[in-house]
Chemist: 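First the structure, which I've put down as structure tokens, then a few questions once you've had a look.
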Amino acid sequence: MEENKIYHFRKGNEYLINDEHEKAIEEYTKVIKIDKNYKDAYLGRGRAYHKLEKYEKTIEEYTKAIKIDEDFKEAYLGRGTIYGILEQYEKAVEDFRKIIEIDDEYKEAYRGRGLGYLNLK
């Protein structure tokens, strides 16, 4: 089972890189069926949904990853970015603030938080 999980995860990454987002989602879903706590599969699915501009689904996927790992910086970054796209700046700022709390050297978080504050005026 472990090797199948890794195979499907790698396949999902390959599809994501090649802009085959629906296929990537299918592969990440196979991973999650094998291991529902595989946070990187939710992150991958979130990235694929982002590329498809399915932002609510994107937020759901990143939130699932965060529930598995409360310190998952990449999931907060992705979700904060989507909140920014959706003009939900307070939520975006909160996600970027959380990243800085976890890792105060994560430069992208400062940039995202600054843009959020700028949009909140």
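Only this structure's heavy atoms are used, side chains among them; waters, hydrogens and symmetry mates stay out.
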Chemist: Working to the nearest 0.5 angstrom, can you tell me the gap between Leu43 CG and Thr58 OG1?
Modeler: 11.0 Å

Chemist: List the atom pairs, with distances to 0.1 Å, where a side-chain N or O of residues 74-83 and a protein N or O form a donor-acceptor pair under 3.5 Å, not counting sequence neighbours.
Modeler:
from, atom 1, to, atom 2, distance (Å)
Tyr76, OH, Glu70, O, 2.9
Arg79, NE, Asp95, OD2, 2.7
Arg79, NH1, Thr63, OG1, 3.1
Arg79, NH2, Asp95, OD1, 2.7
Thr81, OG1, Leu77, O, 2.8

Chemist: Residues in side-chain hydrogen bond (donor to acceptor under 3.5 Å, both in side chains) with Tyr28, at least two apart?
Modeler: Asn13

Chemist: Taking only residues two or more places apart in sequence or in another chain, which ones pass salt bridge (Lys or Arg N to Asp or Glu O under 4.0 Å) with Asp71?
Modeler: none

Chemist: State, yes or no, whether a side-chain contact exists between Val31 and Asn4 at a heavy-atom distance under 4.5 Å.
Modeler: no

Chemist: Holding to side-chain hydrogen bond (donor to acceptor under 3.5 Å, both in side chains), I want the full list of residues that pass it with Asp35, two or more places apart in sequence or in another chain.
Modeler: Lys5

Chemist: Are Lys57 and Glu60 within salt-bridge range, i.e. N to O under 4.0 Å?
Modeler: yes

Chemist: Might you point out which heavy atoms bring Ala48 and Ile25 nearest each other, and give the distance in Å?
Modeler: CB-CG1, 3.5 Å

Chemist: What are the two closest heavy atoms between Phe72 and Asp40, and how far apart are they?
Modeler: CZ-OD1, 3.3 Å

Chemist: Within a reach of under 6.0 Å around NZ of Lys51, are more than 12 heavy atoms found that belong to other residues, nucleotides or ligands?
Modeler: no

Chemist: Using the test side-chain hydrogen bond (donor to acceptor under 3.5 Å, both in side chains), find all partners of Lys33 that sit at least two apart in sequence or belong to another chain.
Modeler: none

Chemist: Are Tyr106 and Ile66 connected in the hydrophobic side-chain network, where two residues link if heavy atoms are under 4.5 Å apart?
Modeler: yes

Chemist: Taking all non-hydrogen atoms of both residues, which atom of Leu52 and which atom of Glu22 are closest, and how far apart?
Modeler: CD1-OE2, 3.5 Å

Chemist: What pair of heavy atoms forms the shortest contact from Ile32 to Ala41, and how long is it?
Modeler: CG1-CB, 3.7 Å

Chemist: Determine, for Tyr49 and Lys54, whether the Lys NZ or Arg CZ falls below 6.0 Å from the six-membered ring centre while staying within 45 degrees of the axis.
Modeler: no

Chemist: Nearest 0.5 angstrom please: Glu105 CD to Tyr110 OH, how far?
Modeler: 8.0 Å

Chemist: How many angstroms lie between atom CZ of Arg45 and atom NZ of Lys64, to the nearest 0.5 angstrom?
Modeler: 5.0 Å

Chemist: Would you say Ile99 and Ile102 are hydrophobically clustered, going by side-chain heavy atoms of ILVMFWY under 4.5 Å?
Modeler: yes

Chemist: Return yes if some donor-acceptor pair links the side-chain N/O of Asp104 with the main-chain N/O of Ile100 below 3.5 Å, else return no.
Modeler: no

Chemist: Using a 4.5 Å cut-off on heavy atoms from C-beta on, say whether the side chain of Ile85 contacts that of His50.
Modeler: yes

Chemist: So do Glu27 and Tyr15 actually touch side chain to side chain, heavy atoms under 4.5 Å?
Modeler: yes

Chemist: Could you tell me the separation between the NZ atom of Lys98 and the CZ atom of Arg113, rounded to the nearest 0.5 Å?
Modeler: 14.0 Å

Chemist: State plainly whether one hydrophobic cluster holds both Tyr55 and Tyr62, where clusters connect Ile, Leu, Val, Met, Phe, Trp and Tyr through side-chain heavy atoms under 4.5 angstrom apart.
Modeler: yes

Chemist: Out of curiosity, does Val93 fall in the hydrophobic cluster containing Phe96 (side-chain heavy atoms, cut-off under 4.5 Å, transitive links)?
Modeler: no

Chemist: Taking only residues at least two apart or on different chains, which pairs with a member in residues 82-94 satisfy salt bridge (Lys or Arg N to Asp or Glu O under 4.0 Å)?
Modeler: Glu94-Arg97

Chemist: Is there a donor-acceptor contact under 3.5 Å from the side chain of Tyr42 to the main chain of Lys36?
Modeler: yes

Chemist: Compare every heavy atom of Asp103 with every heavy atom of Lys73, then report the nearest pair and how far apart it is.
Modeler: NZ-OD2, 3.0 Å

